[in-house]
Amino acid sequence: MNHMERLILQYLGFREPEPYQLPGWGQGQEADWQHALKFTDTAGLTLHLGRKLRDRNHFNSLPSFVKERLDLNLEDNRARTKLLAHELLQIHQHLQSKGMRHLILKGFFLSPDFVDRPEHRVQFDYDLLVESKDLKSAYGLLQELDYSPAHSNARQRADHLPPLIRKTGWKWKGNVFDPTIPPGIELHYQLWEAEFERMPVRLFDDVWEQSRLREFQAVQVQILSRNHELLYLALHCCRHLLRSDLRLSHLYELAYFLHHNSSTQDFIWGFLHWLQRCPASRTMVATAFALAINLFRPVVDQPLSSWISANLPPGAKLWIITYGCWDATEGYRKNKNVLFLHFSLLDNRADRWAVLKRRLLPEHFPLPTSGIQVSDEDRGFRFRLFNFLAYVVQVIRRIVFHIASDLELCFQLPFWLSRRRRFSKLEF
């Protein structure tokens, strides 16, 4: 984590220091800002940074090129949000017209609990939970509507079918907020895959019975209950953290919720009491909450803070202090130190060995990411050659990463075990 990235993460925190002034990085050089904004783009934090700068009256103190960049990002995302809302409504109406029951997850419905307005977060796909009996038909219906599988197989273990996308021929132009980026659609058949993480969750059995209606574009749609929504988002953070591909915006949104809702005792304590039925859920929620608090410092009531500390395994506390912030700017992709956290959340030796084997010896080659928006008809010889070479480079990079990260893990292991033996209970 470089100095400017660390200062930006501190600035994004919810607990304002006194006196509050724009840090020195506000007048940084253009090259420093370009690097910093590339980090916030990848982390999903650029729009949140712009909003905080405006809310704290620091925006006009920035260099002109930074203000222009942030204004353009917000303008593009507003346009993108309108297009996505219209498309999502069409998808909902097509499924509803065929009697295919579904819940819309995350996205637009994170506002106002997890983000103030939908246009202040960047969204790249739609997530829908579909009843098992309708799953195959819904997937076929969307293909009839010109959505195509982004990948030809489901080698990547997930809780949804292979993503669908409209192959518009779009090409990357360096703008994360480009309104023309075609969004993907993920049809979920479950909200948690216990076999992969080796941690069973038993609180989603009544997700359909407990769902609620919410107005969207003047239409009533079905979404998760508040309990299930908060649990799902906390588990979503944990899943991506344990798979080393967490976007920091997920933790920021969780911190936003804690900052604005932790004093809402009726809901919070009802939620925590509900979690008592599932030890794995309780542990993972505590882990996600603790990491969000550690990174973004929301103001949290003491009773909730005590609950987090009481339900967080000692190894997880140590991991958050040791690696949680250090690896944050890389989205935890730089190494495999998250294995120490995963082991701390598992009690069974067989589960630990299964996780270790999978992380040290990946089960499959990476799925190709280049050119998935291009239709088969437009894939000429040059395109296929370029994509093949790009995929070879992608595979080589992954092989190098696994070799280097496995070696680093072996190097870190004795230090981790030494710290773990000396570690005593921490308070958050």
Are Phe340 and Trp319 an aromatic pair, judged by ring center distance below 6.0 Å?
no
Check: Lys317/Ser309 side-chain N/O donor and acceptor closer than 3.5 Å:
yes
Minimum-distance pair of heavy atoms, taken over all atoms of Pro183 and Ile165:
O-CG1, 3.7 Å
Within a strict 4.5 Å, meaning less than it, do heavy atoms of the Arg166 and Glu87 side chains meet?
yes
Donor-acceptor pair, distance only, cut-off 3.5 Å: does the side chain of Asn348 make one with the backbone of Asp351?
yes
Consider only side-chain N and O atoms of Tyr11 and His58, and report whether a donor and an acceptor are under 3.5 Å apart.
yes
Centroid-centroid distance, Phe257 to Phe114, less than 6.0 Å
yes
Look at the aromatic rings of His260 and Phe14 and report parallel, tilted or perpendicular, splitting at 30° and 60°.
perpendicular
Using the benzene-type ring in the case of Trp, are the ring centres of His160 and Tyr189 under 6.0 Å apart?
no
Is the cationic atom of Arg358 (NZ for Lys, CZ for Arg) positioned less than 6.0 Å from the six-membered ring centroid of Phe196 and within 45 degrees of its normal?
yes
Does either side chain, that of Trp170 or that of Asp178, offer a donor lying less than 3.5 Å from an acceptor on the other one?
yes
Is the shortest distance from a Lys or Arg side-chain nitrogen in Glu186 or Lys106 to a carboxylate oxygen in the other one below 4.0 Å?
no
Main-chain N/O of Arg359 paired with Lys336 side-chain donor or acceptor, under 3.5 Å:
yes
Using a strict cut-off of less than 4.0 Å between a Lys/Arg side-chain nitrogen and an Asp/Glu carboxylate oxygen, indicate whether Arg51 and Asp116 qualify as a salt bridge.
yes
Going by atom types only, do Asp41 and Thr46 share a side-chain donor-acceptor pair under 3.5 Å?
yes
Classify the side-chain pair Asn227/Ser225 by whether it contains a donor and acceptor separated by less than 3.5 Å.
no
Quick check: does any side chain N or O of Arg198 sit under 3.5 Å from a backbone N or O of Val355, one acting as donor and the other as acceptor?
no
In terms of side-chain geometry, is the basic nitrogen of Asp113 or Arg226 positioned less than 4.0 Å from the acidic oxygen of its partner?
yes
Take Glu197 and Arg239 through the test salt bridge (Lys or Arg N to Asp or Glu O under 4.0 Å) and record every step on the way to the result.
CA-CA 7 Å; Glu197 266 70 38; Arg239 178 178 63 189; 5.9 Å; no
Test item: Asp159 side-chain N/O and Glu193 main-chain N/O as donor-acceptor pair under 3.5 Å
no
Examine Phe216 together with Phe108 and report whether their ring centres are nearer than 6.0 Å.
yes
